[in-house]
Each structure stands twice: as structure tokens, then as C-alpha cells.
Amino acid sequence: MVGGGLAGISAALALLEAGVRTTLYEARPRLGGATHSFDRDGLTVDNGQHVFLKCCTAYRGLLDRLDARDLVRVQDRLDIRVLTPDGPAGRLRRANAPGPLHLLPALAGYRLLSPGDRLRAVRASLALQGLDPQDPDLDAQAMGGWLAAHGQRERARTALWELFLISALNIGVDDAAMGPATMVCKQGLLGRSDAADIGVPTVPLGELHGTLAAKRIERLGGRIHLKAKVSAVDAGPKLVVDGEPVAADAVVVAVPHRAAAPLVPAQACPDRDRWPGLGSSPIINVHVVYDRPVMDVPFAAAVGSPVQWAFDRTEISGLARGQYLAVSVSAADGWIDTPAADVRAAFRPELERLFPAARRARVTDFFVTRERHATFRQSPGSGALRPASATRLPGLFLAGAWTDTGWPDTMEGAVRSGLTAARLVRRHLDGVSGR
């Protein structure tokens, strides 16, 4: 196993549970990949705020494998407070009705849209129901043009569609491919009534995806090599680890596409030179510690503001006094290189506009974390670049949220890719052994 992110962890656990001896190599000094934690002056800080939805069945299955279901909190029903800087707040709360009827009351009472925009949003949702996210034609189209063609005016785009799609796809709706955008809407919003109920970890990601995963892998008999640099994968298959060849019965390469392309041999993946075309989209997280509480809900969304989502991180971080907010900003191309002082100058007054109590609070700490390559860029044409897990080299497989999982680049997609790779490894080993 090459790579100790969610894809590699999931594949390793699935193989170990099936009785397959597994060794995992990770170049970093920890597991967890893009989801990790660090210490800052006594605060435990996640590199970014990660959430999941109730429809993320593979990720929730991973939590079960880690015996960690009690370390996350999932809403009883979708309920989002949507803030605006200079106007009334809105609320999106689903009803206990079959999907997609469960969202009709939420839209009907959504004060941030006019009655006409609410009606047009319902019509657009019904039109989305008839689309197939796997249709190659949708991969070539942008979501923004489709929304415009279906009567979605600027207010509806910003206060409704972008509210969900930017955070799910890490790209603006004008640039997002229709295929994954349709998948997000149909799976999360228009499917089962509880599909979009939001789940958040109640412990740091480093504990959830790092410590617990390592313990579980080792408990099942797996071996983990951290700070282990895999520089090549050759026919056999075999690995080159820290300059030394290592033979294997099968290999799963579970690293990001920019790292996988030079790692796998050309005969295994003739299209590997196309993978860099997937590009990347950045995310920044703005971390603000106040000397007193300023937000009275676990999380809130915002429209008409550079603030997209704000999360209360006080308890999970170990903060004893005051309140710690983490602001997650997806599709952060315009912010990724902005100096922290300029980010502070922009976001601190915005938070005071959204949370009036912040005007009376003192900021005791302010810092920014940046993920330049948080996801691949899910723009038109990206779906055609995503490879399958199987390669042309027997015994070599790919995993990662960037592979062709049928899901966007999310924790759910990463876990699904790992499970697919594990299934293919077992099939390959059964074929070799003649079973």
C-alpha cells in the first residue's frame, strides 16, 4: 500500500479484514493524508474543517471499522442557519417527508430568496432529477450555464446553489462540471430525505484518521512504515522504498494524481501523462480565537461574504476560555497567496458583520492554514481524465478520490476508491492462487 490517506487506510483495513497481509508505506510521519491535526500553543488544530453527509455510507463504514461512530455528531435533520452581512438570516431545515419533497418546506420558508426565485429553484431541481451524472455530455458542460438556462438568477445562485456546490466541489458554479454537480444535487439534496444531514467530528482529525487508523491496522496484523519514500513501482509488481527494492504480490498506489503520475510505469497507465490536466483547487481556513463566545450554533453558512462556513471549534481544540471559530473557504484561488495580515484585515470585520457579538470581543489569536492542492479541479472535461482503479499491469491498482469513483473529490470518494482497490486486489490474488 503506497499512501496513508483515507484511500490507503480504507484499502488496508479491507484487505486485512479479508486475511490479506498488508504493509502500508507513507512518506509523511503520520497517517491521514489531507486530513490531519497539529498543535498551536496548546490548541489542537485541524488543517481544515471536514464534514460528511449521512449519504456518505462508505465513510461512515470506515468510522465503524475504526469503532469511531461515537466520535462524530450527525444532525437529526438537515438544519443550516444562513447568515448575511447586512440583512436577515435564512434557515434551511428539511421536513420529515420522502425525498425530494423533504426540501419543499425549507425552500418555501427560505427568506433569502423571493417567492419567484423559490419557485424557479424547485423547477430547476425537478429538471436535475432527470439527468444522469455519468452522462459524458454532462462532463463537458459547466453548471453555471445550465443554471442560467433554467432561470436561476444571481440571488438564487449565491444564496442556494453556490451554498452547497462550492463547498462540495471546491470550485465555483460557473466553472464546475455538470456531471459532479448533478451527482451532488441528486445524491445529497434530492435523494433520501436524510441524505444531506451533516456530520462533524467531535475529536481532532489527527486522532480520528491518524491514531485510531494506525491502531486498527496494527491490531489486525498490518505493518506501517512512516517516513518511507516510495520512488517507483515496477513490473512484478515491486516497489522501490527508500532506494531499496521491495517485492509484493500486489500494489495499491493511493497518492494524489500529481504524485501518482511519475510513480507508476507507463505500460501500466498509458494515460498517466494526462493526469496533471486534473489540476488542483485550493482551500484556506481562517482560524480566529475570541476571548468570549460570539456564535451560538455549532456551524453556520454565509452568503454575500467572503466567509462561506464558520464552525465552532472550541471544545474539540481544547480551548478552556473564549471561543475558537474556523472559517472554511473553498475555491480559494483568490486567497491562497494572500498574506495573513491581509486575510485578517478582510475577514475580521466580515465576522463582526455576521456575528454582532464579535464586535465586543477581543481576538486573542488569528492564523490561516492553506491547502494549495486540496482537491483536483472538477471543471468540464475532468471526468474523462479520471482513471479506473485497475491498470494494465497485473497486480497494480490505483486509489484516491481523484480516480473514477463516481463521486466528487471528497472523503467519501477517497474511501470508496480504497474499497474498490481492495476488492480488485483480492480478485487478483485469488486468480494467482487459482482459487
Side-chain angles (χ1 to χ4, degrees), residues 51-64 69 72-82 89-135 138 143 146-147 149-153 155-169 173 176 178-200 297-301 303 309 405-408 410-413 415-416 419:
V51 304
F52 63 95
L53 305 182
K54 200 172 285 185
C55 63
C56 296
T57 55
Y59 177 73
R60 293 168 65 204
L62 173 62
L63 295 177
D64 287 339
R69 274 291 180 103
V72 298
R73 183 181 299 114
V74 184
Q75 291 179 318
D76 293 331
R77 68 169 74 179
L78 175 68
D79 192 352
I80 304 172
R81 183 184 297 183
V82 186
R91 187 181 186 186
L92 287 168
R93 186 171 189 262
R94 73 167 176 87
N96 286 322
L101 299 178
H102 63 297
L103 288 182
L104 290 180
L107 280 175
Y110 191 38
R111 295 192 298 166
L112 301 188
L113 295 185
S114 68
D117 281 334
R118 296 174 206 169
L119 179 59
R120 283 185 285 270
V122 171
R123 289 173 177 167
S125 299
L126 293 175
L128 277 172
Q129 284 279 64
L131 300 181
D132 178 5
Q134 301 303 315
D135 184 344
L138 293 188
M143 184 66 172
W146 187 93
L147 289 174
H150 287 77
Q152 303 307 290
R153 301 188 299 184
R155 185 60 174 173
R157 285 160 52 93
T158 58
L160 182 64
W161 299 102
E162 289 183 351
L163 182 72
F164 294 103
L165 291 176
I166 288 181
S167 58
L169 300 177
V173 295
M178 270 294 295
T182 300
M183 187 272 170
V184 168
C185 292
K186 292 188 67 173
Q187 182 74 32
L189 299 176
L190 305 174
R192 285 181 41 174
S193 61
D194 64 350
D197 297 350
I198 297 173
V200 295
V297 290
F299 57 83
V303 298
W309 290 80
T405 65
W407 278 69
T410 56
M411 295 194 298
E412 175 72 6
V415 174
R416 285 176 178 256
L419 297 178

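Only this structure's heavy atoms are used, side chains among them; waters, hydrogens and symmetry mates stay out.
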May I have the list of side-chain donor-acceptor pairs in residues 123-133 shorter than 3.5 Å, sequence neighbours left out?
unit_1: S125; atom_1: OG; unit_2: A121; atom_2: O; d: 2.9
unit_1: D132; atom_1: OD1; unit_2: Q134; atom_2: N; d: 3.0

#### Entry: Whether Y110 side chain and L160 backbone form a donor-acceptor pair below 3.5 Å
no
### Summary
Heavy atoms of A106 and R93 approach each other most closely as CB-O, 3.3 Å
### Distance (rounded to the nearest 0.5 Å) between L62 CG and C56 SG
11.5 Å
### Query
Are any of the side-chain heavy atoms of E412 and T57 separated by less than 4.5 Å?
yes
### Summary
Output for pair (L107 CG, L113 CG), nearest 0.5 Å, gives 7.5 Å
### Summary
In K54, R192, Q75, the residue satisfying side-chain hydrogen bond (donor to acceptor under 3.5 Å, both in side chains) with D197 is K54
### Task
Hey, could you give me each pair passing salt bridge (Lys or Arg N to Asp or Glu O under 4.0 Å) that has a residue in residues 104-117? Not counting sequence neighbours.
D117-R120, D117-R153
#### Entry: Shortest non-hydrogen contact from A168 toward P408
O-CB, 4.2 Å
### Query
Quick one: CE on M143 to CE on M178, what's the gap to the nearest 0.5 Å?
5.0 Å
## Note on the structure
dist L101:CG -> L190:CG (nearest 0.5 Å) comes out at 10.5 Å
### Query
Which pair of non-hydrogen atoms, one from L112 and one from A159, has the smallest distance, and what is that distance?
CB-CB, 4.3 Å
## Note on the structure
Heavy-atom closest pair (L163 atom, A301 atom, distance to 0.1 Å) is CD1-CB, 3.4 Å
### Query
For the residue pair P180 and L169, what are the closest heavy atoms and their distance?
CB-CD2, 3.8 Å
### Task
Considering non-hydrogen atoms only, spot the tightest contact between L78 and A196 and give its length.
CD1-O, 3.4 Å
### Query
Does CG in D64 sit with more than 12 non-hydrogen atoms of other residues, nucleotides or ligands closer than 6.0 Å?
yes
### Query
Would you say C185 and W161 make side-chain contact, with heavy atoms under 4.5 Å?
yes
### Query
In Å, rounded to the nearest 0.5 Å, how long is the span from CZ of R118 to CG of L104?
12.5 Å
### Task
Side-chain contact test, heavy atoms from C-beta onward, threshold under 4.5 Å: evaluate it for F52 versus V72 and give yes or no.
yes
#### Entry: CZ on R94 to CD1 on I80, rounded to 0.5 Å
11.5 Å
### Message
Set out, in order, the CA-CA distance, both residues' side-chain angles and the distance that settles side-chain contact (heavy atoms from CB on, under 4.5 Å) for L53 and I198, then state yes or no.
### Response
CA-CA 5 Å; L53 305 182; I198 297 173; 3.9 Å; yes
### Presence of salt bridge, R77 and D194, under 4.0 angstrom
no
#### Entry: Side-chain touch L189/V184, heavy atoms, less than 4.5 angstrom
no
### CZ (R69) with more than 12 external heavy atoms under 6.0 Å
yes
